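Keep in mind that what you see is a predicted model, and the values were worked out from it rather than measured. In what follows, every heavy atom counts, from backbone to side chain, and hydrogens, waters and symmetry copies are set aside.
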Amino acid sequence: MTATEANAFIQEKIPLARAMGLEVLSADADAVEVRIPLGTNANDKGTLFAGASYSGLVLAGWTLAMNRAFASGFEKPWAAVVDAHVHYAKAIAEEVVARAAFAEAPNLVPGARNWAKVRVTVGEKLAFEGAYAVGVRH
């Protein structure tokens, strides 16, 4: 999916992405960049709410896993985060661009048990590592 297609897809499939104002800026089968605005996702201290940043990072990884599934020929793919770890190094007081890439290149095969390990970063301020199960809906 292109960034435009990925943005439309995530906005349609994940209502939280719409509510957060999340925007897919770039997307291909190897990397995804998303924008997480501060305004709708700020806490009482004026910094990015940890829950919002976590959700944005999970969605960036999900979009990457789905994009790879489509690129691998999956007709009706699904992806679900099954393990996730996040490290908050600094408070963030501005909108962010999160970059998702694979921690190791997945070999996705329709009908097989597939795993995609993803790393999402916001510079040195925020890091997420997650494992996604990827499959095909029947």
Side-chain angles (χ1 to χ4, degrees):
M1 293 184 288
T2 66
T4 301
E5 293 166 334
N7 198 50
F9 184 76
I10 196 170
Q11 296 296 321
E12 175 191 338
K13 300 294 184 187
I14 309 293
L16 177 63
R18 282 193 311 273
M20 291 178 62
L22 188 103
E23 180 184 4
V24 178
L25 300 175
S26 66
D28 61 33
D30 296 313
V32 167
E33 286 188 338
V34 301
R35 181 182 69 81
I36 306 168
L38 179 63
T40 55
N41 300 300
N43 61 23
D44 60 328
K45 294 169 258 342
T47 60
L48 189 61
F49 180 65
S53 61
Y54 177 80
S55 295
L57 301 176
V58 168
L59 286 166
W62 179 84
T63 303
L64 178 61
M66 291 293 287
N67 222 14
R68 178 58 72 93
F70 281 121
S72 297
F74 288 37
E75 288 187 31
K76 294 180 181 178
W78 60 264
V81 66
V82 294
D83 185 45
H85 304 274
V86 65
H87 175 69
Y88 301 94
K90 290 184 177 184
I92 299 172
E94 68 269 348
E95 79 174 26
V96 299
V97 173
R99 184 174 194 287
F102 291 107
E104 48 188 69
N107 181 24
L108 303 182
V109 178
R113 177 177 246 179
N114 295 285
W115 298 99
K117 293 183 180 176
V118 175
R119 180 163 172 77
V120 186
T121 56
V122 176
E124 295 188 15
K125 297 177 182 179
L126 188 55
F128 167 91
E129 292 185 5
Y132 292 78
V134 182
V136 177
R137 288 187 302 258
H138 299 283

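Between Leu16 atom CG and Leu59 atom CG the span is 6.0 Å, to the nearest 0.5 Å. The distance from the CG atom of Leu38 to the CZ atom of Arg35 is 10.5 Å, given to the nearest 0.5 Å. Separation of atoms CG (Leu48) and CG (Leu126) is listed at 7.5 Å; rounding is to 0.5 Å.
Of the possible polar contacts, none joining the Arg119 side chain to the Glu129 backbone as a donor-acceptor pair under 3.5 Å is found. Judged by distance alone, the side chain of Glu33 and the main-chain N or O of Ala60 form no donor-acceptor pair under 3.5 Å. With hydrogens and angles ignored, the 3.5 Å screen pairs no side-chain donor or acceptor of Tyr54 with any backbone N or O of Val86. Proximity of a side-chain donor or acceptor of Asn7 to a complementary backbone N or O of Ala3 within less than 3.5 Å is not detected. The backbone N or O of Val58 lies less than 3.5 Å from a partner atom in the side chain of Tyr132, making a donor-acceptor pair. Of the possible donor and acceptor atoms, none in the side chain of Arg68 sits under 3.5 Å from a partner among the backbone N and O of Leu108. Panel note: side chain Asn41, backbone Phe49; no donor-acceptor pair is recorded below 3.5 Å. With hydrogens and angles ignored, the 3.5 Å screen pairs a side-chain donor or acceptor of Asn43 with a backbone N or O of Gly46.
Among all heavy-atom pairs drawn from Glu12 and Arg18, the shortest one is O-NH1, 3.8 Å. Nearest heavy atom pair, residue Phe74 against residue Gly135, reads CD2-O, 3.5 Å. For the residue pair Ala79 and Ala65, the shortest heavy atom distance occurs at CB-CB, 4.0 Å. When all heavy atoms are compared, the tightest approach of Val82 to Ala133 is CG1-CB, 4.1 Å. Heavy-atom minimum distance, Asn67 versus Ala29: ND2-N, 4.1 Å. Scanning all heavy atoms of the two residues, the minimum distance from Ala6 to Thr63 falls at CB-CG2, 4.1 Å.
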Side chain to side chain contact (heavy atoms under 4.5 Å, CB included), that's the test. Do Ser53 and Val96 meet it? Break it down for me. CA-CA 9 Å; Ser53 61; Val96 299; over 6 Å; no
Check step by step if side chain to side chain contact (heavy atoms under 4.5 Å, CB included) holds for Trp115 and Val134. CA-CA 6 Å; Trp115 298 99; Val134 182; over 6 Å; no
Please step through side chain to side chain contact (heavy atoms under 4.5 Å, CB included) for the pair Leu25 and Val97, ending with a clear verdict. CA-CA 8 Å; Leu25 300 175; Val97 173; 3.8 Å; yes
List the steps and the verdict of side chain to side chain contact (heavy atoms under 4.5 Å, CB included) for Leu57 and Val122. CA-CA 9 Å; Leu57 301 176; Val122 176; 4.2 Å; yes
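There is a path of hydrophobic side-chain contacts, each under 4.5 Å, that joins Ile14 to Leu64. Hydrophobic clustering (ILVMFWY, side-chain heavy atoms < 4.5 Å, transitive): Val81 and Met20 are in one cluster.
Counted within 6.0 Å of CD on Glu124, heavy atoms from surrounding residues, nucleotides or ligands total 12 or fewer; the atom is thus considered open.
Contact annotation: the side chain of Glu95 never approaches that of Glu23 to less than 4.5 Å [non-hydrogen atoms, C-beta and beyond]. Annotation: side chain of Val34 is in contact with side chain of Val24 (closest heavy-atom distance under 4.5 Å).
Below 30°, between 30° and 60°, or above 60°: for Phe9 and Trp62 the angle between ring planes is below 30°, a parallel geometry.
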